[in-house]
Amino acid sequence: MNYRHLYHAGGFADVVKHAVLALILGRLAEKQAAYCVLDTHAGIGRYDLSQIAAQKTGEYLNGIARLLTAERAPDAVRPYLEAVRGLNPGGQLRWYPGSPAIAAALSRRQDRLVLVELHDDDVAELRRTLGRDRRVGIHHADGYAALKSLLPPKERRGVVLIDPPFEAGNEFETLAASLIAAHARWPGGIYVAWYPIKDPAPVRSFHAALKSSGMRKVMIVELLVRRADSAGTLNGCGLVLVNPPWQIEKALDELLPWIADRLKQGPGPRGAWHWLVPE
């Protein structure tokens, strides 16, 4: 696979994924006990938006750059925005934190980060970025396989982020099967699984597979930057949240419409959540 996230770093898909991850980490930190973050497709940790790849697509200009200049950001989005600002102390947006850097910025001394990445060059870069952090363990491995070998964590509380590149034609099926199997190994964990919204048909099938799996407390969070009526275009993205933190609904009600309004790229933007399977 030749996917490189630098082309997409800081775009709307990153924004909603990382803002929700930051919300979850904040809720986990409300208890003193340590937690674990398992990131199955970690990437390189942080992204230099001045590089040619990021400048070529300019996705961050229609993503994080819009939010950083917006007024009156809701409380629910502030931890995420502060994590981004923490990498850019001069005020000029150059660096964007991937999910490993978001987790490192928001986690505490007692918490643990388990980062999994398959690509050789990306693993090397990830080690340069976060390898000196004693809380961080970096695994050069397939992310889906890591769900079998690394769960459950010793902390018995935490979050699993599954964020595949969706290059394979059967990625929805693989993601559903891996999420269901991981939940069987660690039923009490919080799971966050990202997916693209292009053609609605595979998304419906994906949701149906999760609904029929027997898992409970399955929430769907979706951000559309335009109507989902073009099968060849990334119209939005979604997150499957399994075992989301208690009363996260109120924060999502504050966060999602605000993001959708600021990141819209055409008619029909929407940010919303619903229970696919209640408790």
Short side-chain to backbone donor-acceptor contact, Ser205 and Pro202, under 3.5 Å:
no
Any heavy-atom pair between the side chains of Lys264 and Phe12 that's under 4.5 Å?
no
When rounded to the nearest 0.5 Å, the distance separating CZ of Arg66 from CD1 of Ile259 is 12.5 Å
Sub-3.5 Å donor-acceptor pair from the side chain of Glu222 to the main-chain atoms of Gly271, do we have one?
no
Contact check, side chains of Val16 and Cys237, non-hydrogen atoms, under 4.5 Å:
yes
Is the shortest distance from a Lys or Arg side-chain nitrogen in Lys250 or Asp253 to a carboxylate oxygen in the other one below 4.0 Å?
no
Report yes if the side chains of Asp14 and Tyr60 come closer than 4.5 Å at any heavy-atom pair, otherwise no.
no
Kindly indicate, with the supporting measurements, whether the criterion side-chain contact (heavy atoms from CB on, under 4.5 Å) is fulfilled by Leu256 and Val221.
CA-CA 9 Å; Leu256 295 172; Val221 172; 3.8 Å; yes
Are the side chain of Asp142 and the backbone N or O of Ala145 linked by a donor-acceptor pair below 3.5 Å?
yes
Looking only at heavy atoms, which two atoms of Tyr35 and Gly158 are closest? And how far apart?
CB-CA, 4.0 Å
If you look at every heavy atom in Leu115 and Ala42, which pair is closest and at what distance?
CB-CB, 4.0 Å
Between the side chain of Asn243 and the main-chain N/O of Pro187, is any donor-acceptor distance below 3.5 Å?
yes
Can you tell me how far apart CD (Gln110) and CZ (Arg108) are? Round to the nearest 0.5 Å.
4.0 Å
Minimum heavy-atom separation for Leu252 and Pro257, please, with both atom names.
O-CD, 3.7 Å
Considering non-hydrogen atoms only, spot the tightest contact between Pro200 and Ala228 and give its length.
CG-O, 3.7 Å
Report yes if the side chains of Trp273 and Leu241 come closer than 4.5 Å at any heavy-atom pair, otherwise no.
no
Is Trp95 reachable from Leu81 through a run of I, L, V, M, F, W or Y residues, each pair having side-chain heavy atoms under 4.5 Å apart?
no
Keeping Glu155 on the side-chain end and Arg157 on the backbone end, is there a donor-acceptor pair under 3.5 Å?
no
Donor-acceptor under 3.5 Å (Arg262 side chain, Trp258 main chain):
yes
Please say whether more than 12 non-hydrogen atoms of neighbouring residues, nucleotides or ligands are located less than 6.0 Å from NZ in Lys217.
yes
Check the pair Leu161, Val37 against side-chain contact (heavy atoms from CB on, under 4.5 Å), reporting the backbone distance first and the verdict last.
CA-CA 8 Å; Leu161 175 63; Val37 178; 5.6 Å; no
Relative to each other, are the rings of Tyr144 and His41 parallel, tilted or perpendicular (30° and 60° limits)?
perpendicular
Closest non-hydrogen atom pair, Asp199 against Val203:
O-CG2, 4.0 Å
Got a donor-acceptor contact below 3.5 angstrom from the Tyr191 side chain to the Ala182 backbone?
yes
Has Asn235 got a side-chain atom pairing as donor or acceptor with Arg226's backbone, closer than 3.5 angstrom?
no
Closest heavy-atom contact between Thr233 and Lys198?
O-CG, 3.3 Å
I'd like to know if the side chain of Arg27 and the backbone of Pro245 have a donor-acceptor N/O pair within less than 3.5 Å.
no
Asn88 side-chain N/O to Arg94 backbone N/O, donor-acceptor pair under 3.5 Å:
yes
For Tyr47 and Glu125, which I'm curious about, is there any donor-acceptor pair between the side chains at under 3.5 Å?
no
Which is it for Ile162 and Val192 under the side-chain contact (heavy atoms from CB on, under 4.5 Å) test, yes or no, and what are the steps along the way?
CA-CA 6 Å; Ile162 310 173; Val192 180; over 6 Å; no
Going through the checks in order, is the side-chain contact (heavy atoms from CB on, under 4.5 Å) test met by Glu117 and Ile138?
CA-CA 8 Å; Glu117 176 53 48; Ile138 297 172; 6.0 Å; no
Would you call the rings of Phe172 and Phe206 parallel, tilted or perpendicular, taking 30° and 60° as the class edges?
tilted
Gap between atom CG of Asp39 and atom NE2 of His139 - 0.5 Å precision
11.5 Å
Polar side chain donor-acceptor pair, Asp48 to Ser50, under 3.5 angstrom
yes
Return the CG to CG distance between Asp75 and Leu255, rounded to the nearest 0.5 Å.
11.0 Å
Is there side-chain contact between Val114 and Cys36, with at least one heavy-atom pair below 4.5 Å?
yes
Within this structure, what is the CG-CD1 distance for the pair Leu49 and Ile64, rounded to the nearest 0.5 Å?
9.5 Å
Non-hydrogen side-chain atoms of Lys211 and Val218 separated by less than 4.5 Å:
no
Flag side-chain contact, heavy atom, 4.5 Å: Val84 against Pro97
yes
Is Met215 close to Ile180 at the side-chain level, that is, under 4.5 Å between some pair of heavy atoms?
yes
Verify same cluster id: Leu87, Leu113 (apolar side-chain graph, 4.5 Å)
no
Would you check if there is a donor-acceptor pair between the side chains of His5 and Tyr96 at a distance under 3.5 Å?
no
Mind checking the CG-CG spacing from Leu28 to Leu106? Nearest 0.5 Å is all I need.
11.0 Å
